[in-house]
Undergrad: 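Mind looking over this structure? Questions follow.
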Amino acid sequence: VRQAPIGVFDSGVGGLTVLKALAAELPNEHFVYLGDTARLPYGTKSPETVARYALQAAEALSEYGVKCLVIACNTASSVGLPAIRAHICGVPIIGVIEPGAEAACAASKSGHIAVIATEGTVRGGAYQEAILRLRSGARVIAQPTQLFVALAEEGLHQGPIADSIAQHYLEPLFGAALDSASSRGLSASPGPAVSRDALTPDTLVLGCTHFPMLAAAIRAAIGPDIKIVDSAATTAKAVRETLERESLTRLAPPVPSPIRFLATDSVERFARIGSHFLERPIHAEEVELVDL
Ligand code: DGL
C-alpha cells in the first residue's frame, strides 16, 4: 500500500496548485491527478450536483488503487466530503477547507479575515464555520469571486482584464486598507486611517485552488499590507502528517515521472493551461482522457 499513488482531484486545473505543494512536500510519492474539466465550473452548481460529481471523481480515482485522496477543490470539499467519506472506505480523505482555515487563523493578527471563493463555497458557509471553529472570536467576511475561475482557466492571469476584475471584487472589502496605505506615504500622521484599519480584514484567504494563479492581480487590488494565504501548503502538510501517522509514506526513491494526469475533456487544453499552474511543462501525451 505504501507504494500506491496519492489521488488528487479538482474540477479543472486549479488543484494543480495543491499538487505542486504536495510534490514539494512529499518528493518520494506518486500522484494521480484528475481534472473534471468537462464539467467545470463546480462553483456555480447546486450542492447536490457538486456532491455527485465529486463522488464520481473520487470513485474514479479509487480505481487507480490510491492510498489517500486529496480533494484539491474547495467547492467539492465544502459539499462533497461527507458523501465521499461515506462511500470510499479504507483510505484517508483530505479536503482543503480545514487546512485553508488553519492557514488563515495562523496568519491573522486581528482575527478579521476575508475569504474569496466560488459562489458555492461561499453559500455553503464551510470556510466561515471552519475558521470560527478554530478561532471563536474571528470576524469572517466571504465574497464570491466566481469570474476568477474563468480567468485562471483561460490563462488570463495577468493584465488589464485580471486587474479590473480583481478591483471590482476586492475594493469593496479592502478600500480602507488601500486608503491607509496611500495616506501613510503622504503624511506622518496616521489620522483616521487607524480606525478604518480596524474595519478592514488583515488576511485574505484564497478559498479556491484556482486563485493562487491570480495572486499578482489580487495583490495589486488590495495593496501591500494584507496577508494572502491559500490552502496548498497547509494541505500538503496535513497529507504528510496523515501518511506518517498511518504508516503510508512511500519509502523508495522518486522516479522520473511520478505524476499521472487524467482529464474529462480536451487533453491538449489541460496540458497547455495546466503547465502554467504546475510551473512545469505538461505534454498532451502525458494526459489521459477519462469518462466519469
Ligand atoms: N478550484 C475549485 C475550488 O477550489 C473550483 C472552481 C470551479 O470549478 O468553480 O473551489
Side-chain angles (χ1 to χ4, degrees), residues 7-22 33-58 69-81 84 93-101 103-104 114-130 142-157 165 169 204-215 218 228-236 238-239 261-266 269-270 273-274 276-278 292:
V8 182
F9 86 86
D10 178 41
S11 58
V13 287
L16 293 173
T17 59
V18 178
L19 181 65
K20 196 168 59 184
L22 284 165
Y33 180 93
L34 168 62
D36 190 10
T37 44
R39 303 193 290 194
L40 171 128
Y42 281 10
T44 52
K45 300 198 166 72
S46 68
E48 297 73 23
T49 298
V50 173
R52 183 159 51 86
Y53 288 177
L55 183 57
Q56 287 171 346
L69 255 179
V70 181
I71 323 295
C73 173
N74 292 266
T75 315
S77 299
S78 73
V79 297
L81 266 180
I84 295 172
I93 296 162
I94 295 162
V96 284
I97 302 259
E98 293 288 334
V115 180
I116 52 171
T118 65
E119 284 170 35
T121 303
V122 170
R123 196 181 45 226
Y127 250 109
Q128 296 90 314
E129 284 165 25
Q143 156 91 39
T145 58
Q146 185 67 40
L147 272 177
F148 282 170
V149 177
L151 283 178
E153 286 278 336
E154 282 299 314
L156 280 175
H157 315 136
I165 294 175
Y169 284 134
L204 173 65
V205 186
L206 307 185
C208 171
T209 55
H210 282 75
F211 296 177
M213 291 307 289
L214 295 156
I218 291 169
I228 298 179
V229 298
D230 67 56
S231 46
T234 36
T235 299
V239 173
F261 299 100
L262 315 171
T264 54
D265 200 358
S266 166
R269 195 169 201 285
F270 180 94
I273 307 286
H276 298 292
F277 280 71
L278 203 55
L292 305 184

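We count residues from 1, following the sequence as given. In listed order, ligands and their atoms are each counted from 1.
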Undergrad: Go through the side-chain N and O atoms of Asp36 and Ser11 and say whether any donor and acceptor fall under 3.5 Å apart.
TA: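 No.
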Undergrad: Near ligand 1, which protein residues have a heavy atom under 4.0 Å away?
TA: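 Lining ligand 1 at under 4.0 Å, by heavy atoms, one finds Asp10, Ser11, Pro41, Tyr42, Gly43, Cys73, Asn74, Thr75, Thr118, Gln146, Val149, Cys208, Thr209, His210.
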Undergrad: Parallel, tilted or perpendicular for Phe148 and Tyr169, by the 30°/60° rule?
TA: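 It falls in the perpendicular class, over 60°.
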Undergrad: Return yes if a side-chain donor-acceptor contact under 3.5 Å exists between Thr17 and Thr209, otherwise no.
TA: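 Side-chain D/A pair, Thr17 to Thr209: absent.
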Undergrad: Could you tell me how the ring of His210 sits relative to the ring of Phe277: parallel (under 30°), tilted (30 to 60°) or perpendicular (over 60°)?
TA: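 Taking Phe277 first and then His210, their aromatic rings stand perpendicular (interplane angle over 60°).
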Undergrad: Under 30°, 30 to 60°, or over 60°: which ring-plane class applies to Tyr42 and Tyr53, parallel, tilted or perpendicular?
TA: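 Tyr42 vs Tyr53 ring planes: tilted.
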Undergrad: Got a sec, which pairs hit salt bridge (Lys or Arg N to Asp or Glu O under 4.0 Å) with one end in residues 119-130, sequence neighbours left out?
TA: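 For residues 119-130: none.
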